[in-house]
Q: 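What follows is a structure written as structure tokens; I'll ask about it next.
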Amino acid sequence: GVTSGTSSNASTPSLITIPVVVHVLYNTNAENVSNQQIESQIAVLNKDYQKLNPDTAGIPSYFVSRAANIGLRFILAGIDSNGNVTTGIVRKHTNVTAFSINDDMKSSATGGDDPWNRDEYLNIWVCNLDDGTLGYSSVVGGPSNTDGVVVQYTAFGTTGTVQAPFNLGRTCTHEIGHWFNLIHTWGDAFCGDDDVADTPPQSQATYGNPKGIVISCNNAPTGNLYMDFMDFTDDAGMHMFTNGQRDRMLALFAAGGPRYPLLSSPAATAPPGEPAMTAASPTFSSPSLYPNPASSYVIINLPDPSEIGALLEVYNQMG
């Protein structure tokens with residue numbers, strides 16, 4: 001049979017390989033997450049971005065046709081920016097007990113670790129974040145020295161230090177969605193627009209793990225797409241990206257697009273024993289999408305959802 005990710009049909013596009021470097025910043029031993037925990041997160045990303053996650057079974061019948069295989073494959077980088085062999089994991093002790101969303105974790109000068117070249121790697125920083133923040137992402141087209149995503153060490157992967165209900169690796173799936181230019185499904189405004197046609201309008205963020213049809217913004221009969229990875233539900237409630245979200249993400253890989261250089265990253269080779277995955281000449285439908293960058297809001301775990309508006313405003317002003 002055909003192995004996963006390969007095809008005997010030449011018309012089937014190859015997966016795009018995204019080399020990842022994980023910067024682990026730890027003040028306490030607990031924050032120094034294990035290789036196993038890191039690998040568990042990479043496994044989640046590969047399932048979620050290839051529509052291989054078992055909880056696609058939770059997608060209601062009326063949304064099934066919208067669920068997309070994004071066609072992205074994530075590997076821990078085997079080659080560093082100097083061409084040397086690496087595990088794709090950098091571990092550093094830091095004197096910072098908790099980082100805020102000011103990007104200090106992305107610089108060695110402020111107790112963090114400098115990013116690797118964003119044209120060759122997706123940088124993920126795993127650390128202790130303050131104020132209940134689960135993660136945040138840089139904005140597409142922003143400065144190269146802060147490019148990447150940050151994830152709270154208790155919400156990264158599926159084992160080790162993870163704490164329910166953010167223990168299934170979906171914080172990282174969500175933040176990487178922002179890194180690929182996706183906006184929250186409610187468009188960060190009441191019945192706002194996320195610039196994706198097949199995600200229904202939605203009044204505001206969804207919390208918890210809802211069931212059934214939730215109507216808002218005249219989106220009857222099917223209601224909110226609260227099982228989308230770009231909403232704020234608990235990890236167990238997230239199941240899918242849409243075809244429109246896939247188009248918006250893949251537009252970044254068009255020639256001249258912000259993520260186009262990743263296609264020729266020297267680190268984008270498969271692990272030993274697996275076929276290499278490259279997209280030599282990708283053709284994507286909507287390169288015009290990427291000049292409109294997604295907002296990189298933080299996920300904040302708050303008991304009162306009404307508080308989140310003020311915090312997002314503050315972060316907007318910071319950004």
Side-chain angles (χ1 to χ4, degrees), residues 44 47-49 51-70 132-137 155 158 163-178 180-249 294-313 315-316:
V44 168
K47 289 175 183 171
D48 289 352
Y49 280 84
K51 207 174 83 170
L52 298 172
N53 48 306
D55 58 6
T56 53
I59 302 171
S61 57
Y62 42 85
F63 284 140
V64 164
S65 65
R66 301 190 199 188
N69 170 7
I70 310 305
T133 306
L134 294 177
Y136 74 105
S137 174
T158 61
Q163 296 174 9
F166 306 109
N167 57 342
L168 298 178
R170 264 55 195 268
T171 297
C172 198
T173 297
H174 175 108
E175 296 307 339
I176 290 171
H178 285 312
F180 284 124
N181 208 29
L182 294 187
I183 299 170
H184 291 140
T185 47
W186 67 99
D188 297 310
F190 186 82
C191 298
D193 184 4
D194 65 352
D195 293 330
V196 174
D198 64 357
T199 56
Q202 177 175 317
S203 61
Q204 57 196 6
T206 310
Y207 295 88
N209 189 7
K211 301 294 179 199
I213 293 175
V214 180
I215 305 289
S216 69
C217 308
N218 302 311
N219 63 13
T222 51
N224 297 349
L225 187 74
Y226 55 73
M227 70 292 308
D228 193 279
F229 290 125
M230 300 313 294
D231 205 338
F232 270 6
T233 52
D234 293 347
D235 280 13
M238 294 184 171
H239 309 318
M240 63 178 281
F241 291 114
T242 69
N243 295 305
Q245 287 175 320
R246 177 193 60 206
D247 292 345
R248 187 173 163 92
M249 285 192 262
S295 303
S296 72
Y297 292 106
V298 294
I299 301 183
I300 300 180
N301 177 19
L302 291 172
D304 176 7
S306 66
E307 293 176 40
I308 203 158
L311 284 160
L312 294 182
E313 286 301 311
Y315 184 53
N316 253 352

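As a basis for the values below, the full set of heavy atoms in this structure was taken, side chains included, without hydrogen atoms, waters or symmetry mates. The structure displayed is predicted, hence computed values, not measured ones.
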Q: Identify the heavy atoms of Ala67 and Asn243 that sit nearest to each other, and give their distance.
A: O-OD1, 4.1 Å
Q: Kindly determine whether Tyr226 and Thr185 satisfy side chain to side chain contact (heavy atoms under 4.5 Å, CB included), including the steps that lead there.
A: CA-CA 8 Å; Tyr226 55 73; Thr185 47; over 6 Å; no
Q: Could you tell me whether the side chain of Val214 reaches within less than 4.5 Å of the side chain of Gln202, counting heavy atoms only?
A: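 Not touching, per the 4.5 Å side-chain cut-off.
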Q: Nearest 0.5 Å please: distance from the CZ atom of Phe180 over to the CZ atom of Arg246.
A: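 One gets 14.5 Å once the value is rounded to the nearest 0.5 Å.
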Q: Kindly assign one of parallel, tilted or perpendicular to the pair His174 and Phe232, based on the angle between their ring planes and the thresholds 30° and 60°.
A: tilted
Q: Could you tell me the separation between the CZ atom of Phe229 and the OG1 atom of Thr171, rounded to the nearest 0.5 Å?
A: 12.0 Å
Q: As an exercise, state the distance from CG of Asp48 to CG of Leu168, rounded to the nearest 0.5 Å.
A: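 So the gap between those two atoms works out to 9.5 Å.
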Q: Give me the one residue out of Asp231, Thr233, Asp228 that meets side chain to side chain donor-acceptor pair (under 3.5 Å) with Thr206.
A: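 Going through the options one by one, the only one that passes is Asp231.
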Q: The criterion is side chain to side chain contact (heavy atoms under 4.5 Å, CB included); which residues satisfy it with Tyr62, sequence neighbours excluded?
A: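 Listed in chain order: Pro60, Ile213, Thr222.
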Q: Provide the closest heavy-atom pair for Ala236 versus Asn209 in the form atom of the first, atom of the second, distance.
A: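 Looking at all heavy atoms of both residues, the closest pair is CB-ND2, 4.0 Å.
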Q: Under the criterion side-chain contact (heavy atoms from CB on, under 4.5 Å), which of Thr242, Asp194, Asn219 is the partner of Pro200?
A: Asn219
Q: Taking the side chain as every heavy atom from C-beta outward, state whether Ile59 and Lys51 have any atom pair closer than 4.5 Å.
A: no
Q: What are the two closest non-hydrogen atoms of Ile215 and Asn224, and how far apart are they?
A: C-OD1, 4.4 Å
Q: Could you report the tightest heavy-atom contact between Cys217 and Ser203, atom names first, then the distance?
A: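 Looking at all heavy atoms of both residues, the shortest contact is SG-N, 3.1 Å.
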Q: Where is the tightest heavy-atom contact between Gly223 and Phe63, given as atom of each residue plus distance?
A: O-CZ, 3.6 Å
Q: Just by distance, no angles: are the side chains of Asn167 and Asp235 close enough, under 3.5 Å, to form a donor-acceptor pair?
A: no
Q: Quick check: closest heavy atoms across Val196 and Gly244, and the distance to 0.1 Å?
A: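 Closest approach of Val196 to Gly244: CG1-C, 3.6 Å.
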Q: What verdict does the ring pair (Phe, Tyr, Trp, His ring centres under 6.0 Å) test give for His178 and Tyr136, after you've listed the backbone C-alpha separation in whole Å, the side-chain angles of each residue and the deciding distance to 0.1 Å?
A: CA-CA 8 Å; His178 285 312; Tyr136 74 105; over 10 Å; no
Q: To the closest 0.5 Å, what do you measure between NZ (Lys47) and CG (Asn53)?
A: 8.5 Å
Q: Check whether any side-chain heavy atom of Thr173 sits under 4.5 Å from a side-chain heavy atom of Met238, and report yes or no.
A: no
Q: Are side-chain heavy atoms of Ile176 and Met249 found at a separation under 4.5 Å?
A: no
Q: Rounded to the nearest 0.5 Å, how far apart are CE of Met230 and CD of Glu175?
A: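 One gets 7.0 Å once the value is rounded to the nearest 0.5 Å.
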Q: Using the side chain to side chain contact (heavy atoms under 4.5 Å, CB included) rule, take Leu182 and Arg248 through it: C-alpha gap first, then chi angles, then the decisive distance, then the call.
A: CA-CA 7 Å; Leu182 294 187; Arg248 187 173 163 92; 4.0 Å; yes
Q: So, taking the atom named CG in Asp193 and the one named CG in Asp188, what distance separates them when rounded to the nearest 0.5 Å?
A: 11.0 Å
